[in-house]
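Worksheet: one structure, shown below.
Every heavy atom of this structure was used, including side-chain atoms; hydrogens, water molecules and symmetry mates were not.
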Amino acid sequence: MDPGFTKGYRGVVKSYTALGDPQGAVIYMESLFLENPERAEVLYGLGYALYNTEKYKEAKIYFEKAVGLNPDLAAAWNNIAVIYHFVFPDYKKAREYYEKAIEISKKTKDDWVLKIAEENLAYIPKEADALKPIKENLTLEEFIDNFISMIEESDEGGIRRLVVRHKKNCEEALDLFLKDAMLACVEGRKEDEKKRLLFLKILEREYRVSFNSPFLKNKLDAYNKLNEDEKKKIVMGEKLLEEGLKKEEKGLYLDARNNYQKAISHFFEIKDKNRTGTAFLYLGDIYRKMKKYSLANEAYSNALRYFIEIMEKEKEALALSSLGITNFFLNEFSTSLEYFKRSLKTYKFLNDEESVKAVERNIKLIKAKINKAKKGE
């Protein structure tokens with residue numbers, strides 16, 4: 001790729017993000033940076049990749065280096081403004097950088113930057129109308145309360161700043177809104193469904209703008225493609241899972257197993273691979289509690305197949321770890337080790353440090369078992 005192709009680097013980062021691998025974009029851009037440390041466009045691309053992994057301070061440093069090498073790089077000026085605007089609110093600096101981005105984009109005819117910078121500049125509040133402080137760490141309930149309150153107040157700038165600071169909360173809130181909308185539809189509460197869908201559209205739009213990711217859009221699009229019968233199947237399946245969990249907590253394992261099997265049938269019928277795989281995880285867990293490890297192994301294997309197919313990395317790692325555990329109890333230590341190694345690789349890819357440590361402990365335990373068996377002890 002031509003190192004001067006700024007939009008190309010932006011496209012590469014967006015592609016990695018769309019595939020659920022924003023860290024992969026950082027690694028790719030870092031490799032180009034090592035080869036082209038003095039190319040402003042490469043610095044911009046690395047900054048953009050870091051921004052997509054929420055490393056805003058580091059991203060700003062590379063954007064600033066980029067404009068230092070090429071003052072006519074409008075996209076970098078705009079992204080610095082975005083960080084000052086929505087991440088580290090300094091409206092005076094944000095305005096200055098937006099204006100610089102607008103000035104340069106007009107000169108260089110970067111219409112895409114011009115449009116974004118002008119739209120964002122309009123969001124900056126006047127000094128007298130400065131936005132209320134937003135807590136850095138919010139519970140899901142607090143996030144939703146803030147989000148709905150800002151919608152009711154037509155506080156567009158506040159919504160965007162809230163979204164860009166709380167990516168995980170956005171994803172969890174969307175799932176909750178989707179669940180509420182689906183239940184409202186099934187129960188015939190059309191107005192409640194419309195209200196939730198309005199929240200969903202606003203949340204999806206701001207997430208897409210803030211993180212350049214179609215992750216929420218894909219979920220919303222999938223919901224909109226469902227017919228009423230499919231929504232009923234999903235609601236029934238999820239209700240079965242919830243009831244199964246309650247039975248499991250009470251030690252009613254056979255009843256819980258029946259719930260999970262029925263849920264699998266509902267999800268399988270409408271070809272919902274994510275929910276089918278999740279239900280298989282539940283089934284594997286209950287078989288493991290019943291000490292039926294071969295059946296647990298079969299359920300986890302089914303779950304893994306679905307998650308690999310739909311590239312659901314977090315659940316894939318969980319299924320791999322679960323297979324590692326069941327094979328350990330089946331005394332298949334070498335097979336167990338291989339599953340845990342695959343799980344470890346996936347958790348490292350996801351930057352899940354807590355899970356990495358847990359899997360590493362299991363690997364150490366299994367290696368000790370294998371060494372003990374080799375010694376004939």
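For the 3.5 Å distance criterion, the side chains of R160 and N120 qualify, holding a donor opposite an acceptor. Side chains of E312 and Y306: no donor on one and acceptor on the other come within 3.5 Å. Checked by atom type, the side-chain pair T326/N297 shows a donor-acceptor distance below 3.5 Å.
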### Query
S294 and L330: side chain to side chain contact (heavy atoms under 4.5 Å, CB included), yes or no, with the steps?
CA-CA 8 Å; S294 293; L330 288 167; 3.8 Å; yes

### Query
Does the pair F143 and E172 meet the rule for a side chain to side chain contact (heavy atoms under 4.5 Å, CB included), with working shown?
CA-CA 10 Å; F143 174 85; E172 292 175 348; over 6 Å; no

#### Entry: salt bridge (Lys or Arg N to Asp or Glu O under 4.0 Å) evaluation trace for E309 with R305
CA-CA 6 Å; E309 187 175 345; R305 176 168 53 84; 5.1 Å; no

### Task
Could you go through the side chain to side chain contact (heavy atoms under 4.5 Å, CB included) check for V82 and Y97 one step at a time?
CA-CA 9 Å; V82 168; Y97 280 101; over 6 Å; no

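At a threshold of 4.5 Å between side-chain heavy atoms, the hydrophobic network of Ile, Leu, Val, Met, Phe, Trp and Tyr places L32 and L34 in two separate groups. At a threshold of 4.5 Å between side-chain heavy atoms, the hydrophobic network of Ile, Leu, Val, Met, Phe, Trp and Tyr places L240 and L252 in two separate groups. At a threshold of 4.5 Å between side-chain heavy atoms, the hydrophobic network of Ile, Leu, Val, Met, Phe, Trp and Tyr places I27 and Y44 in two separate groups. One hydrophobic cluster holds both L226 and L178 under the rule that ILVMFWY side chains link at heavy-atom gaps under 4.5 Å. Note: the hydrophobic cluster containing F280 does not contain M236 (ILVMFWY, side chain heavy atoms under 4.5 Å, direct or indirect links).
The aromatic ring centroids of H85 and Y98 lie less than 6.0 Å from each other. In this structure, Y56 has its ring center under 6.0 Å from that of Y51.
Here the NZ-CD1 distance, from K341 to I363, works out to 7.0 Å after rounding to the nearest 0.5 Å. For the atom pair H166 NE2 and T139 OG1, the distance stands at 9.5 Å (nearest 0.5 Å). Atoms NZ and CZ, from K289 and R257 in turn, are 15.0 Å apart once rounded to the nearest 0.5 Å. Note that CG of D255 is 10.5 Å distant from NZ of K250, once rounded to the nearest 0.5 Å. Note: E99 CD to N78 CG = 12.5 Å, rounded to the nearest 0.5 Å. Distance check: L344 CG to K348 NZ gives 4.5 Å after rounding to the nearest 0.5 Å.
Paired with F340 under the rule side-chain contact (heavy atoms from CB on, under 4.5 Å), one option of L320, N327, L365, N362 passes, and it is N362. Of the options E193, E238, E242, a salt bridge (charged side-chain N to carboxylate O under 4.0 Å, His left out) to K179 is made by E242 and by none of the others.
Using a cutoff of 4.0 Å between basic side-chain nitrogens and carboxylate oxygens, K233 and D272 are not scored as salt-bridged.
Using bins of under 30°, 30° to 60° and over 60° for the plane-to-plane angle, the ring pair F177/F147 lands in the tilted bin. Ring-plane geometry between Y260 and Y282 is classed as perpendicular, the angle between the planes exceeding 60 degrees on a 0 to 90 degree scale with a lower cut at 30.
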Side-chain donor-acceptor distances from residues 58-67 under 3.5 Å, at least two apart:
| unit_1 | atom_1 | unit_2 | atom_2 | d |
| --- | --- | --- | --- | --- |
| K60 | NZ | E64 | OE2 | 3.0 |
| K60 | NZ | Y84 | OH | 3.4 |

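For I104, the side-chain contact (heavy atoms from CB on, under 4.5 Å) partners are D72, A74, W77, K100, T108, not counting sequence neighbours. For K194, the salt bridge (charged side-chain N to carboxylate O under 4.0 Å, His left out) criterion is met by E191, not counting sequence neighbours.
Side chain of E230 to backbone of N227: a donor-acceptor contact under 3.5 angstrom is found. Between the S336 side chain and the E332 main chain, no donor and acceptor come within less than 3.5 Å of each other. At least one donor-acceptor pair under 3.5 Å links the side chain of T53 to the backbone N or O of L50. Using modelled atom types, one side-chain atom of S265 and one backbone atom of Q261 make a donor-acceptor pair closer than 3.5 Å. The backbone N or O of Y48 lies less than 3.5 Å from a partner atom in the side chain of N52, making a donor-acceptor pair. With hydrogens and angles ignored, the 3.5 Å screen pairs no side-chain donor or acceptor of S343 with any backbone N or O of Y339.
When every heavy atom of L69 is checked against every heavy atom of A40, the shortest pair comes out as CB-CB, 3.9 Å. When all heavy atoms of L174 and L203 are compared, the closest pair comes out as N-CD2, 3.8 Å. The minimum heavy-atom distance between Y253 and M290, with the atom names listed, is CB-CG, 3.7 Å. Nearest heavy-atom pair, A173 versus L140, reported as atom, atom and distance to 0.1 Å: N-CD1, 3.6 Å. Smallest separation of non-hydrogen atoms from L43 and P37: CD1-O, 4.1 Å. Closest heavy-atom contact between L295 and Y287: CD1-CE2, 3.6 Å.
Open room surrounds CD on E141; 12 or fewer heavy atoms of other groups in view lie less than 6.0 Å from it.
Remark: K369 is not positioned above the aromatic ring of F328, lacking an NZ or CZ atom under 6.0 angstrom from the ring centre and at most 45 degrees off the axis.
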